[in-house]
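Protein chains get the first letters and strands the later ones, always in sequence-line order, with residue 1 at the start of each. Keep in mind the model is a prediction, meaning the values are calculated, not measured.
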Amino acid sequence: MEHLELFFKSVFVDNMVFAYFLGMCSYLAVSKKVSTAVGLGAAVIFVLTVTVPLNWLLDQYILQEGALAWLGPEYADYDLSFLSFILFIATIATMVQLVEIVVEKFSPSLYNSLGIFLPLIAVNCAILGGSLFMQSRDIASFDLALNYGFSSGIGWFLAILAIAAIREKIRYSNVPAPLRGLGITFIITGLMAIGFMSFGGMLTGGGEETTSLEGSGNNVGMQVESNNESTETVEVSTLISE
Amino acid sequence: MGLLSKKDSKLIMDPLADNNPITIQVLGICSALAITAQLKPSIVMAISVMFVMGVGNIVISLMRNIIPSKIRIIVQLIVVATLVIIVDQVLKAFAYELSKELSVFIGLIITNCIIMGRFEAFALGNGVWRSFLDGIGNAAGYGVILIIVGFFRELLGSGTLFGFPVLGSPVDKTGLYAIGYENNGFMVLPPMALIVVGIIIWVQRSRNKDLIEEN
């Protein structure tokens, strides 16, 4: 149950892209075609699933206050948490490089479809963000960390897939010239984020809200009109500020 | 500008408008959006990024001839991470509340694509002084957008600037509120950051037609 809740929370409520804007750079740069978006999304899922649990282990056994107690009682007072940025990013960069080498060696076809995105991923904020949120939210156990990494990746994958599909269609629309390309992508992402906000009530126990707000991802336009209901907005904003 | 040659001052001025990192190069969006609900964190973020970029560009530029190109990404990340740790510790020591508010986003300066992008595109191939100017210029261009977004979101969203009420008090119905003005609570929510940036891009590109994309 705990796992299921965390899964839905990370995919929909705390969606990396729509709630925290993590990984926006590659999200905007690589979302022109669905096929490349799928490749990058898959790579993000994979790398998040690997690095978040790894960094969880690092955090638990090296970085946290008192985490070095397993070395002996004289180490119990150390608090190395200020080193977490550098260790996390080193883990991520090494993992990415390692994965790239392994994939290239054993599965050239996968490398061709996924490989070009791997170097991009080392500097994707979503990956480091995943690890930093894992740390700041005190995720309790290894399998929860694994779940968190995987489901955040899924959330990111969904987001980039959706925007890529929309951008493929919007090429045929008559967008005002100055908005073309980047501008309209921003605004669409904003509208999608408003749609995703309505998932906010999903896990806070609001029974009726859950049913009435399902499927809101599809009709983003309607959500914009109905967002005046202040209760919903307040609820979501408290969720976000957590 | 006696200190700067014409070419050098172009390095600083270009990113402020026509080659802005956020609206034109599309770099460093993540942090730009997440922390701009108020003006104060936006400014702190802009200064932090400016520090990291200025110093980082100097360091990378000094090392540019000895970094093996195969592992340059890891080297760059380590340099940035060290600088960001400094920023993080300083903020925790002198502005604890603010550093709580910025939470993970200070850490995410490490993966801010502006920094990596400028390292790759500029500091690896240019001298120290020019790299430093490029870093400062791009960070300033980034900061300008952050401050504009933060200004509008705080003003329209909560009717305050730096936490001071500038439009009167919504509780006592003074100032603008006396004639029925209401805060747009929606502005402080994350999606509006995207839309505000979208509008900035719109305005900028309709003023300068050269920037319009084909598709």
Side-chain angles (χ1 to χ4, degrees), chain A residues 18-29 32 82-90 92-94 96-97 119 122-129 132-133 135-136 171 176-194 196-197 227-228 230 233-234 236-237 240, chain B residues 23-24 26-34 70-71 73-74 76-78 80-82 84-85 88-89 92 103-117 185-186 188-209 211-215:
Chain A
F18 295 130
Y20 298 104
F21 312 114
L22 297 181
M24 277 310 263
C25 310
S26 23
Y27 169 88
L28 292 167
K32 286 200 175 104
F82 69 94
L83 284 178
S84 45
F85 293 156
I86 207 162
L87 275 185
F88 284 178
I89 198 71
I92 290 168
T94 340
V96 168
Q97 207 110 68
V123 290
N124 188 326
C125 341
I127 310 290
L128 183 63
L132 289 177
F133 274 128
Q135 188 190 32
S136 71
R171 207 169 301 151
L179 264 183
R180 260 175 225 159
L182 192 58
I184 195 73
T185 314
F186 264 101
I187 291 179
I188 293 172
T189 311
L191 294 178
M192 282 162 74
I194 293 169
F196 262 69
M197 266 168 45
N227 61 42
N228 297 337
S230 54
T233 346
V234 168
V236 174
S237 60
I240 288 159
Chain B
T23 58
I24 312 295
V26 209
L27 297 173
I29 316 282
C30 329
S31 49
L33 301 172
K70 283 229 158 179
I71 57 158
I73 298 213
I74 295 187
Q76 289 164 358
L77 283 174
I78 298 297
V80 189
T82 318
V84 170
I85 290 177
D88 184 50
Q89 296 294 318
K92 270 189 186 143
S103 68
V104 300
F105 290 100
I106 287 290
L108 288 172
I109 297 179
I110 298 172
T111 47
N112 192 321
C113 344
I114 296 186
I115 294 177
M116 297 300 284
F186 207 52
V188 294
L189 297 179
M192 280 316 285
L194 285 160
I195 294 176
V196 172
V197 175
I199 292 170
I200 292 176
I201 293 174
W202 190 358
V203 171
Q204 189 184 17
R205 291 190 184 184
S206 40
R207 289 168 62 99
N208 186 346
K209 302 277 184 213
L211 301 174
I212 292 173
E213 288 174 56
E214 278 306 304
N215 212 318

Practice item. Sort out for me which residue in Leu194(B), Ile195(B), Ile199(B), Ile200(B) forms a side chain to side chain contact (heavy atoms under 4.5 Å, CB included) with Phe186(A). Key: Leu194(B)
Which residue out of [options] racks up the most heavy-atom pairs below 4.5 Å with chain A?
{"options": "Val197(B), Ile85(B), Val196(B)", "answer": "Ile85(B)"}
{"options": "Ile201(B), Val80(B), Val203(B)", "answer": "Ile201(B)"}
{"options": "Asp88(B), Ile115(B), Ile106(B)", "answer": "Asp88(B)"}

Check your understanding: Hey, mind stepping through Phe105(B) and Leu22(A) against side chain to side chain contact (heavy atoms under 4.5 Å, CB included) and telling me if it holds?
Key -> CA-CA 10 Å; Phe105(B) 290 100; Leu22(A) 297 181; 3.9 Å; yes
Review point. Out of Ser84(A), Ala193(A), Ala126(A), which one racks up the most heavy-atom pairs below 4.5 Å with chain B?
Key: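 The candidate making the most pairs under 4.5 Å is Ala193(A).
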[atom1]-[atom2] distance between [X] and [Y], expressed to the nearest 0.5 angstrom:
{"X": "Leu77(B)", "Y": "Phe85(A)", "atom1": "CG", "atom2": "CZ", "value": "13.5 Å"}
{"X": "Leu108(B)", "Y": "Ile89(A)", "atom1": "CG", "atom2": "CD1", "value": "9.0 Å"}
{"X": "Ile110(B)", "Y": "Leu132(A)", "atom1": "CD1", "atom2": "CG", "value": "7.0 Å"}

Review point. If every non-hydrogen atom of Arg180(A) is compared with every non-hydrogen atom of Arg205(B), which pair is closest and at what distance?
Key: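 Answer, listing the atom of Arg180(A) first, then Arg205(B): O-NH1, 3.8 Å.
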Check your understanding: If you take all heavy atoms of Leu179(A) and Gly198(B), which pair is closest and at what distance?
Key ->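 Residues Leu179(A) and Gly198(B), closest heavy atoms: CD2-O, 4.1 Å.
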Review point. Can you list the residues that meet the side chain to side chain contact (heavy atoms under 4.5 Å, CB included) rule with Thr185(A), with sequence neighbours excluded?
Key: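 So Thr185(A) forms a side chain to side chain contact (heavy atoms under 4.5 Å, CB included) with Leu28(A), Ile163(A), Arg167(A), Thr189(A).
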Practice item. Please state whether the side chain, the backbone, both or neither of Phe88(A) comes within less than 4.5 Å of a heavy atom of chain B. Key: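 Neither part; nothing is under 4.5 Å.
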Practice item. Check whether Gln135(A) gets within reach of chain B through its side chain, its backbone, both or neither, counting any heavy atom under 4.5 Å. Key: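 Contact with chain B involves no heavy atom of Gln135(A) at all.
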Practice item. For Phe18(A), enumerate each residue passing the ring pair (Phe, Tyr, Trp, His ring centres under 6.0 Å) test, keeping only those at least two apart in sequence or located in another chain. Key: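 Result, ring pair (Phe, Tyr, Trp, His ring centres under 6.0 Å) vs Phe18(A): Phe196(A).
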